[in-house]
Amino acid sequence: MESATPTSEQKQAGVRRPMISKQLRKDLRAYLFLSPWIFSLLVFTAYPMLASFYFSMTKYTVLNPPRWIGLDNFVTMFTSDPLYWRAVGNTTYYTLISVPLGMLVALVLAILLNQRASGIGVYRTIYYLPSLMPVVASTLLWMVLLDPRLGLVNIGLQAIGLPRVGWLNSADWSKPGLILMSLWTGTGTAMLIFLAGLKDVPRSLTEAAMIDGANGWQRFRHVTLPLLTPTIFFNLIMGIIASFQVFGPAYVAGDGGARQAGPLNSLLMYMLLIYRNAFRFFEMGYASALALVMFIVLVLLTLVVVRSSDYWVHYEVGRR
Amino acid sequence: MGPSASQTAVAATLRRRQQTRRLAGGVMAHLLLILVATLFAVPFAWLIITSLKPLNQVFTDPLVWIPDPIMWSNYAEALTSPAFPFLRLLGNTLFYAVAATAGTIISGAIIAYAFARMEFRGRDLLFGITLATMMLPGIVTLIPTYLLFRWLGWVGTYAPLIVPLWFGSAFNIFLLRQFMMTIPIDLTDAAKIDGAGDFTILWRIMVPLIKPALLVVGLFQFMAAWNDFFNPLIYLDEAAEYPLVLGLYAFRTRFGVQWHLIMAASLAVTFPIIVLFFVAQRYFIEGVTLSGLKGA
């Protein structure tokens with residue numbers, strides 16, 4: 001009896017073992033392939049996210065270990081840091097104008113490029129080329145173009161009877177200057193994405209509308225535009241996220257924001273405020289709190305856009 | 001007979017009118033295309049023109065469109081200036097861009113393969129997390145990540161800029177996985193029956209088949225590293241270690257008003273990227289279009 005049991009157990013184990021270990025071996029092999037990614041998710045995403053909650057409730061100047069101060073950073077931010085509201089105002093101004101304007105320009109350019117004209121590829125290249133320029137180089141170029149006294153833009157404005165403005169040297173005009181720059185450098189990608197969206201609009205639909213007597217505008221408004229809403233949706237979210245985190249142009253044009261970012265801090269964007277606190281003053285706790293607020297606002301804003309998409313984004317035809 | 005003749009006449013007029021309208025439309029379209037192209041090209045032309053001017057012709061009224069004399073020497077002066085050691089900066093940039101690109105492609109292919117072709121428990125969950133991190137604004141991880149690299153003693157080196165990319169990045173994993181899903185399963189299954197392991201299948205079958213996607217991913221990573229300003233700014237502190245864009249910024253801080261030299265240096269930093277664009281234009285536009293697909 002005693003000797004029979006082990007053999008049957010051995011037998012059972014012998015049958016069962018490869019079945020368990022086959023699945024297990026599959027899992028192990030897959031997780032071996034995935035191990036760098038899991039490491040990355042833990043170390044470069046999960047840990048920093050959790051840590052940023054902790055750091056945002058400390059005073060941490062790198063030299064001394066972090067000291068817990070509860071919500072003080074947030075109180076300081078909202079009540080006694082005048083630069084905070086300055087940065088919020090500047091970033092909101094920049095986003096509210098540059099995102100819709102940039103999308104409109106990108107869409108118009110894409111429509112222009114969606115025509116059947118000779119040499120269209122050359123135009124596409126010319127429109128896209130500025131997007132390739134490193135941001136430091138394009139900002140330096142625009143500092144020359146926007147020179148308040150003798151810049152090309154001002155002399156051009158004067159030639160068509162408009163007044164010259166101070167652009168980056170004036171508190172009122174520095175942000176419009178930055179937005180003008182962003183239209184030149186930042187619309188290329190959105191333009192190409194719109195162009196791909198336009199190419200996906202089935203010709204049969206616009207032709208059917210034409211036979212029904214719809215004019216160009218009606219065809220665009222009632223056929224093309226609804227089919228383009230998923231693309232608009234995508235560009236809108238990407239545009240908001242990018243413009244909230246605008247840094248390079250403001251940093252370069254505002255001379256590094258050492259003392260001031262642009263005249264009267266008019267170019268002090270939110271990212272610049274974070275940068276200044278973290279890497280100039282080494283106020284890591286306060287900077288984490290700033291970053292966390294920006295993160296929460298961005299997530300909420302994205303959710304609002306996603307929610308609203310039920311009302312204006314049409315998926316029915318574009319899906320194949 | 002009468003009515004039908006007048007009908008043809010009307011039809012002919014209509015057709016003629018339509019033709020003229022189409023022609024006028026075509027001319028209008030081209031005029032618009034050219035006008036916009038001019039608006040986009042003039043700043044670029046101004047970059048080239050200014051880079052070839054003597055300093056006293058940079059800001060003038062009336063504008064100087066053709067420099068006199070044409071100062072080719074600006075380039076020699078800017079690129080050999082001790083404040084802008086071009087070759088050294090170029091070497092740094094190439095090192096960064098190549099290491100970043102290699103890491104992205106290699107890790108991306110391995111990780112995407114697991115998602116596309118391997119069966120394991122927790123796959124959907126892990127893929128869901130991957131998609132979620134794609135939407136995550138990077139800002140929230142910035143400071144703890146910096147502190148982590150500082151603690152490791154990596155600040156002042158390129159390691160914080162390169163090492164994370166060797167562990168994969170969400171969007172590239174997603175993109176490569178989507179591509180691998182389009183490869184017929186029979187191809188990889190046949191190899192599996194012949195006894196090939198996953199690594200063999202990945203390198204011998206998958207990688208050659210998804211080469212265009214790998215090129216797109218690599219191209220974008222290369223460009224991102226070349227143009228990266230923020231990460232070098234916060235992680236590097238020795239001027240000799242700077243990549244080109246940061247060197248360009250430092251050059252401008254040192255030579256504030258020498259705009260002719262600054263423009264020459266700016267063009268030198270931009271030029272290689274434009275060449276790369278023309279060489280790989282097809283993959284490029286495909287890549288931008290693909291990045292839009294996840295939304296549409």
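Just the heavy atoms: all of them, side chains too, but no hydrogens, waters or symmetry mates, feed the values below. We name chains A, B, ... by the order of the sequence lines, and we start the count at 1 in each one.
Using a 4.5 Å heavy-atom cutoff, the side chains of A:Leu292 and B:Val140 are in contact.
For chain A, the nearby part of B:Trp65 is the side chain; its heavy atoms alone come within less than 4.5 Å. Residue contact with chain B, scored on non-hydrogen atoms closer than 4.5 Å, is absent for A:Leu28. In this structure, chain B has no heavy atom under 4.5 Å from any part of A:Ser138. B:Ala112 does not touch chain A: none of its heavy atoms, backbone or side chain, sits under 4.5 Å away. Only the side chain of A:Ile155 has a heavy atom closer than 4.5 Å to any heavy atom of chain B. Interface remark: B:Leu148 contributes side-chain atoms only to the contact with chain A (heavy atom separation under 4.5 Å). With a threshold of 4.5 angstrom between heavy atoms, B:Phe251 does not approach chain A through any atom at all. Residue B:Ser51 does not touch chain A at all, counting heavy-atom pairs closer than 4.5 Å. If you measure heavy-atom distances from B:Ser169 to chain A, the contacts under 4.5 Å come from the backbone alone. Residue contact with chain A, scored on non-hydrogen atoms closer than 4.5 Å, is absent for B:Leu244. In this structure, no portion of A:Arg149 lies under 4.5 Å from any heavy atom of chain B. Residue A:Leu228 does not touch chain B at all, counting heavy-atom pairs closer than 4.5 Å. Residue contact with chain A, scored on non-hydrogen atoms closer than 4.5 Å, is absent for B:Leu276.
The minimum heavy-atom distance between A:Ser40 and B:Gly168, with the atom names listed, is OG-O, 3.9 Å. Closest approach of B:Leu136 and A:Thr45 over heavy atoms only: CD2-CG2, 3.9 Å. Minimum interatomic distance between A:Ile120 and B:Leu33 (heavy atoms only, all atoms of both residues): CD1-CD1, 3.9 Å. For B:Thr270 against A:Ala137, the heavy-atom pair with the smallest separation is OG1-CB, 3.6 Å. The shortest heavy-atom contact between A:Pro48 and B:Pro144 is O-CG, 3.3 Å. Between A:Tyr31 and B:Arg121 the shortest heavy-atom distance is OH-O, 2.6 Å.
Taking CZ of A:Phe33 as the reference point, atom CZ of B:Arg117 lies at 13.0 Å (rounded to 0.5 Å). Distance check, rounded to the nearest 0.5 Å: CG of B:Leu39 to CG of A:Leu183 gives 11.0 Å. Rounded to the nearest 0.5 Å, atoms OG1 (B:Thr145) and OH (A:Tyr47) are 8.0 Å apart. The CG atom of A:Leu141 sits 9.5 Å away from atom CG of B:Leu267, with the distance rounded to the nearest 0.5 Å. Here the CG-OG1 distance, from A:Leu41 to B:Thr130, works out to 5.5 Å after rounding to the nearest 0.5 Å. Note that the CE atom of A:Met284 and the OH atom of B:Tyr146 stand 5.0 Å from one another [nearest 0.5 Å].
For the set B:Ala37, B:Ala29, B:Ser107, the entry with the most heavy-atom pairs within less than 4.5 Å of chain A is B:Ala37. Contacts with chain B were tallied for A:Leu290, A:Ile237, A:Val43, A:Leu145; A:Leu145 has the most, counting heavy-atom pairs under 4.5 Å. The choice from B:Leu147, B:Ile34, B:Val58 that makes the most heavy-atom pairs within less than 4.5 Å of chain A is B:Leu147. Among the candidates A:Thr302, A:Ile241, A:Val62, the residue making the largest number of heavy-atom pairs closer than 4.5 Å to chain B is A:Val62.
Between B:Phe229 and A:Phe247, the angle of the ring planes lies from 30° to 60°, which puts this pair in the tilted group. Ring orientation note: the planes of A:Trp184 and B:Phe44 are tilted relative to one another, at an angle of 30° to 60°. Taking the six-membered ring where the residue is Trp, B:Tyr249 and A:Tyr251 present tilted rings, their angle falling between 30° and 60°.
Within a 6.0 Å sphere centred on CZ of B:Phe271, other residues, nucleotides and ligands contribute 12 heavy atoms or fewer.
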